[in-house]
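Notes for the one structure printed next.
As the structure is a prediction and not an experimental result, all values here were calculated from the model. Any value given below was found using the heavy atoms of this structure, including those in side chains, with hydrogens, waters and symmetry copies removed. Residue numbers start from 1 in every chain, and the chains themselves are labelled A, B, ... in the order their sequence lines are given, proteins ahead of strands.
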Amino acid sequence: MNSYYLTTILVLPLIGLIIIALLPKDRVKAIKYTALIFTLASFALSIVVFCLFDRSDGAIGRIQFEEKLPWIPAINCFYHLGVDGLSLPLVILMTFLGFLSVLVSWKIQLRPREYFIWLLLLETSILGVFCSLDLILFFLFWELELIPMYFLISIWGSGRKEYSSIKYVIYTLIGSAMMLAGILSVYFTTGSFGVMEVASKIAIAQPVIPLVAMFFLLFIGFAIKLPMFPFHTWLPDAHTDAPTAVSVILAGALLKMGGYGMIRLVVSVLPDVARQAAPILAALAIIGVLYGAWVTMRQTDLKRLIAYSSVSHMGYVLLGIFALTEISLTGAALQMFSHGIITGLLFAMVGLVYEKTHDRNLNNLGGLARQMPVIVVIFSIAGLASLGLPGTSGFAAEFITFVGCFTSTAFAGIQIYTILGVVGVVFTAGYILWMLQRVFYGPPLDKFNGVPDADNVEKICIFCFVAAILLVGIYPAILTNVIRLGIEPIMKVIGM
Amino acid sequence: MKMLIAELPFIAPELTVLFFALLVILLDLFVKQKKALAYVSIAGLIVSAGFTISLWGASPNSIFFGTLALDPFALFFKLLLAVAAGLVILASQDYVSKFDRFQGEYYALVLLSALGMMFLTAAADMISLYVALELSGISLYVLTTFLKDKKSTESGLKYLLLGAVASAVLLYGMAFVFGITGKTCLACAAGILESLPINSILQNPALLMGIILLIAGFGFKIASFPFQMWVPDVYEGAPTPVTAYLSVASKAAGFAVITRVMLVLFGQPTWLSADWGMIIAVLSAITMTAGNVAALFQSNIKRLFGYSSIAQAGYLMVGLATVGMASTDAFAGRSGLIFFLMSYVVTNLGAFFAIIAITNKVNSDEINDFTGMIKRAPLLALALSFCLISLIGLPPTGGLIAKIYIFSGAVKVGLLWLVIVAVVNSVISAFYYLRVVKTMWVGAPTSEEKVPSSAALRVALGLCCVLVFLLGVIPGGFVGIAEAAAKIFNP
Amino acid sequence: MPHQIPWIILGLPFLSLIIIAFILRPFFNHRPRISGYVTITAIGIAFMLSIWVLIEVMSTPQLKLEIPSLHWLTIGEFEFSVGLLVDALTAVMLVVVTSVSLMVQIYSQGYMAGDTGYHRYYAFMSLFTGCMLGLVTGSSLLMVFLFWEGVGLGSYLLIGFWFHRPSAADAAKKAFIVTRFGDLGFLAAILLIFANTHTFDIEHIHELVLAGTLGGTVLTWAALGIFMGAMGKSAQFPLHTWLPDAMEGPTPVSALIHAATMVAAGVFLVARTYPMFEHAPAALTTVAIIGAVTAIFAASMGLVMNDIKRVLAYSTISQLGYMMLGLGTGGVAIGIFHLFNHAFFKALLFLGAGSVNHGTGTFDMRLMGGLRKVMPWTFATFLIGSLSLAGIWPFSGFWSKDEIVVSAMQNPVLFILAMITVFMTAFYMFRAIFMTFGGKYRGGAPSEHGHSSHESHGPHESAKVMVIPLVLLAIPSVISGWLNVTGLFSAFMGHGEVKHSFLEGFFGVLTHPKPLIALAIAILGILLAYAMYGAKWISAEAVGRIFKPIYILFSRKYFLDELYENVIVRAVLLNSIFRGLAWFDARVVDGAVNGVAQGTGAASRAIRQAQTGQLQIYAMTIILGIVAIAICVFIFG
Amino acid sequence: MTVGLVHYLVLSAILFSLGLYGVLAKRNAVIILMCVEIMLNAVNIALVAFSRYVTPLALTGHVFAIFVIAVAAAEAAVGIAIIITIYRNHKTISVDKFDLTKW
Amino acid sequence: MVFDIVFWILAIISIAAALAVIFLRDVFRAALALILLFLVIAGIYITLHADFLAVVQILVYVGAISILLIVGIMLTRDVHKGNPSGKFRIPAIIVGILLVITLTFTAINTKWTISDKPPVEKTPEIIGQMLFAEGGFLLPVEITAILLLTAVLGAIVLIREK
């Protein structure tokens, strides 16, 4: 049963990391290419896994590419990897972003060796979160991700980078601290650290603490990561001050850890509590959507703007999760992926604009469409995808989520919430178009004369993004057929 | 007498250390190359460790008429102490070589204190316990004062006087226990206590005071609130290697002895152990909070580690409280405690070794002088960061596993509230640990010149970091050891 | 006929888009005309095929083609599939869209000649046409919505085609957001319907409606939601404000998107889902009322505009209102018939306006005049269009407008409104004619895109490539109305059957009173226009002075833009609520976080103050600790 | 009433507290050291008293006391040594002057 | 009965001596008071039938420790400063009182298991047995030896100039 695909995917970046560490500081080119090769290899391998993935109905709820070795026998916790329909897309997403983030940071000047080391470590840790099926292992990777993030933001960041980085770490740690308590209480309730076992065992076991307490202990960590209103304020700071590639990964993959965890460890483990808590959490989700959008409208820093838009968009994920229907959960899962690539691209584009113009302030930018024709096109595509235009992944995801929520019977009045969510889409259109207009339209400004357009590396990178966005947008089934396998068993547990 | 001779092999580790201590003093008289002394002492510790391991199989029992216990618990701690002392000596060389006199005495005192702690961890009788405690104590007082400069002497005096008060208190507690039971041997006293016709601690104030006074006495050694205030001051003043030694060895020994005493003496009946378990739990919560919060804006690295070691003591006390809550359990809490100590010892030593090397160069304990250290001493800075990360409890280090392990025990016995306090505390701790890390990684170095470090120190540092890493990545084996070592001789 | 044909029709424009975007733009950037040819060919073929489809549909008894739908995705037991629904309605729309689009593309060859964004222009045009075709052929609400948004995008891109003009960028944004606002209703309706029927398939939904399983308030709300979408796209009051601004786009764009096709999509949507409205009378009434109000409301503003394109824009809005009125009172056939006619003559008028602009370099009618002689073709065709729009017998507009008026008669109020609108329409169209082509030339101005500065020497007739489409469009503007003289069109729409012979209907209509009234009123309007702007018997200024408040009200568009943009968006939302929230986020939500941090910091300093370095204090704490613990245990233990 | 265990205990308690007061209140380090000795003696009294009244036959208490005395001697020796060293550095032995290390 | 009277006398003297140690202005007098205290405590030991211990007390404390302390006083030449109280007098008193209350409370409220057997005479033999014979505290004795050695070593290290 042990096929070592996943381990390889996990380890490839580490190998690259070690090689880079051994390379001399000044061999920048070699360092970059090493990073590129290993992330690409990891991506390729994850695609292989995606292709080999068994999509038949027989595979519903079955863990595939499972690897299980004893790790700490004393507290029967294992080195247990595996993917199912829920995690596989996120693994793809991460390897994809990991590969592209190397391209995004191709021009990095400051201490490149350390930079790529941290970047690769970051990729491994996030992949680990999505792959691990043992709570302790999961938690380990969950925490591991903090270290590279801290260094990447506080060394290569901009602005109040030290404040933002420590804020990010502390905030996330608070969440994961609670989560640890939750995980332990789950363990002593069920006697198992197996992500897949606990769901079935917890129903029959005698809980050591009230299930509600357990629920919120687990939930809070993911809620902060997601981020759920009102725990979102770390996000704008972290995004604004992080280097581009890190913003890409942060928005693209890190936030998804929250949504993933919620589905995997909260909803499917404690469905009854989830059902009780659904109204409140859905309300918070909607607040997140609208509030995020409205606050976004006032932002003038491009990165900050997109960061707040993430708050708004992740609100849909939360809504989808706690509508507790199969469609809504699928929508949420799809929205995670779609938001991953869209916002990833948006940040990449902001990075480009910033790199060319050395300005991120909407009040100073303008008329760039003439100077950077390619960037304007791609940026617009990203923006339109983000506002949920049909044909882009954004539409598919949000539409499915809406359908799921609207048809949900989780609690009275969810239809109202859904409509409010739909209203949010208009505001999204508002700030996205406003942003595009501020940055690119209007008469060209002399101060930006001669700013270059995207070069080839950047073009490759952003075209990959666009391809992904359109692919998923036009044929979402490519993912939903996989996600289904992960969601349906959860629906059996929830029983709605 | 014959029997006595027959039992000598059982204290072979201690005897070895004693022998080498004396040997070092003698060699000091006519050895010019003082570094040799260090290696002699290390050799002694290695031999002693060897004996300890060879004794591992020995059936748990008490030797020397119940004054000394021979059980995995004691043996493990002897091993741990030997390792700690060895590493400290290894790392002390640069530092000590600055003294023009008394280098031999320095190593000898380290060995003697280690000897005292070894006895301490094995003491099964209040008398031998008290004497061993004083042995380790006195040698540590001297070591603290070793620099004989303003700060060092001040710390020495503080340590001595407060230590004396603490031991008087401890003694009073023992007196009470003795008064109730009429025995000084822990196990026998425990036997009497169980047979006492009381079902509430309030019916027997002497017993209560005994427990409290013992907790206070040992609490001083393990730096538990409210007996911890000496720690930052003494840590700041003492020679850095001694600070390292204090922060790991004396703490480890302290935990060993308090665990043994509490468990053996007050382990039964269970309501009793639950009572003191709760006392410890509350103290632990306060201790870690006090330590962490106080450390937040600390600018002197040694003081920072003083506070940090208080906080870590708090986490360790979670394990101790667990022991109290489940005194009948085979190794609940104890194994966690032991594993945490393993990780803590190597981590803290590693951190201190890096600090020793750096402070030796920059001649300052101020954190600000660590700025840009990653450029001046990449390896040292990296290692220090790694150890700090382990102290926070982030992967891939022993710190995380240790916390998970020790907290899981607490959750099991229903101390979830304490665990939550503890995890929130480790969040707070992240702030000041990361501040040090940030200082070293971000910002331009004050001067360009590299920070040198002797091969010995680098070896010690490397060993620690590797151990921290292994503890974090393949903890399985170590957990096995911890559980094996959790067996306390308990008739 | 192979059922791939509709798919091919749908695919062709996208094909040309891809060709332009990935082959021509990168590799043939210096040969812009090619992309024009590509687009024209693609749409030309599409047009042919559409004709074929139309014939096929007519020849089939149930007036629709069976086309297997494609499976898009499945979640649980829910199937999301996309397919084509080709019935009479679709067939007609296909022809309208492809034909007008074809004309416009040809015309653009001349109009856009030399513009830097030539490739981009045709790419966007293809994109739009494709989406429009998808919209009219979609068989499921889902697919309709997909392309519904798609045309919105096309419109956005093309309005903002000259993005370097702030006004254009603003207009584009406005158009997108306002229509998006309407789409909320549409999307909500889709969700509502799906929640109740678990299907998106339009025909299936209709069956359920007829079966009565979908009805009551749900149906009403659903219908209203759909209509809200339609209001957005078809610029119905009060969501009409974006359309006049949309004139910032190149004129051919206005002709295609904002006159003939996209803005008609709303009408089409209502027609498409008509059974739902039929079973939701309240909704249907709403449609009628909104339609009537919009008609007169927009017409009134059209009276005073000086920008020829804006006149046409308001007339478009008003005509769309008419169509809605027709749908609301008469039924699919009537509404769509007007749409059908309107598409041609309004496209014609816009292209005419564009041609005028090409000649004079301005859209401001006050700077034109006397073009009758210099631009004969333009004048002739423009006149035909205007007559048709004014509803003069026997031009096409007459026939459809007549039917609407007749059907509106069931409600006197609506009828009065309709009549007034007829009058106004006739008036402002001929006001435009007289100001533009009558009198003598009043100088012109630099054209809307800089390259045509060489044309500043006096007005002139436009190039063949622009005139030919005008002529081609003029023909249907005359005759397209005759299709329903015999009731053929209605019958085709499944509404009544062929009543009487052609001639009988053609002249017989003049014997009935109602059409005559309408006709009379229209002619009155024309005469008044002549009186004021042709012969100058009455001074327009004088009239303006007399009715100053009204004049201002009209010319300032009832201050709706101010209300929307300055009051609601800026004052209320951006500067009050959103600013407040931003403050709240920074100060309160984040403030709480930082507050906790600062609190801990304070605690830290306090604790460290206790660490005085006085060893006696330390000793004291030890003893106090012991005593305290003892007391605590005695109290709590 | 005849003197019993409790009397001795109370006496030791009083002496212990007096010694403690000395430690807490006096400035002179040597005096403080003396007071520590007083505390130890107080404990010894308790030990011996226990030995007399609880286990009259086994003299464990006495033995314990002997050890305490021995240790006390050692402590005093080191204590004095440290005090002398500190006097060399600070030129004073009043403990309230020693706050170089604080906060 | 005799013992009782002796006890009361000794108790009062010892407390007085302790107070003297604390409150005498002159350090030397304080030291002398301390010696007196030690002697009195030896007496108390005798009332407890611990004659051998009394001897040890006199030898070690009066003979050794007191001298040591006095030497300390000489060497630190702070005599003229006298024996002042620190700034923590009041809190110290409070703490002291609290402690004495607690301990007394404990002593009184505990049901000690008093055995009515008469105390053994000839303590030296038995103590000798316990210290050095089988089943005794030989090991602690050894450790104490090391302890004293350590103390000497430490003292030397500290006293001798750098």
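Between C/Tyr122 and C/Tyr118, the gap from one ring centroid to the other is short of 6.0 Å.
Proximity to chain A (any heavy atom under 4.5 Å) is shown, for C/Phe147, by neither the backbone nor the side chain. For C/Leu187, the part lying under 4.5 angstrom from a heavy atom of chain A is the side chain only. In this structure, chain C has heavy atoms under 4.5 Å from both the backbone and the side chain of A/Leu387. Contact annotation for C/Val589: both backbone and side-chain heavy atoms come within less than 4.5 Å of a heavy atom of chain A. Contacts between A/Ile419 and chain C at a heavy-atom distance below 4.5 Å involve the side chain alone, from C-beta outward. Contacts of A/Ser380 with chain C are absent, with no heavy-atom separation under 4.5 Å from either backbone or side chain.
Ring geometry for C/Tyr156 versus A/Tyr441: interplanar angle of 30 to 60°, hence tilted. The aromatic rings of C/His198 and C/Phe194 stand perpendicular to each other, their planes meeting at an angle above 60°, with 30° marking the opposite boundary. Ring pair C/Phe145/A/Phe399 is parallel by interplanar angle, where below 30° counts as parallel and above 60° as perpendicular.
If you take CD1 on C/Ile193 and NE2 on C/His204, they are separated by 12.5 Å, rounding to the nearest 0.5 Å.
In this model, no donor atom of one side chain and acceptor atom of the other lie less than 3.5 Å apart for C/Asn594 and C/Arg587. If you check the side chains of A/Lys167 and A/Tyr163, you find a donor sitting under 3.5 Å from an acceptor.
The residue among C/Ile577, C/Leu192, C/Val569 with the most heavy atom pairs within less than 4.5 Å of chain A is C/Leu192. Across C/Leu153, C/Val593, C/Asp585, the residue that shares the most heavy-atom pairs under 4.5 angstrom with chain A is C/Asp585. Options C/Leu573, C/Ile190, C/Asp170 differ in how many heavy-atom pairs under 4.5 Å they form with chain A, and the most are formed by C/Asp170. Among C/Leu191, C/Leu142, C/Leu581, the residue making the largest number of heavy-atom pairs under 4.5 Å with chain A is C/Leu191. Top candidate by heavy-atom pairs under 4.5 Å with chain C, chosen from A/Cys405, A/Gly366, A/Pro476, is A/Pro476.
For a heavy-atom cut-off of 4.5 Å, chain C lies close to A/Tyr291, A/Trp294, A/Val295, A/Met297 in residues 289-297 of chain A.
Residues A/Ser310 and A/Pro236 form no side-chain contact, since every pair of their non-hydrogen atoms from C-beta on lies 4.5 Å or further apart.
With salt bridges taken as basic N to acidic carboxylate O contacts below 4.0 Å, none links C/Asp245 and C/Lys173.
Under a cut-off of 6.0 angstrom, the local environment of CZ in C/Phe163 is crowded, with over 12 non-hydrogen atoms contributed by other residues, nucleotides or ligands.
For C/Asp183, there are no salt bridge (Lys or Arg N to Asp or Glu O under 4.0 Å) partners at least two apart in sequence or on another chain.
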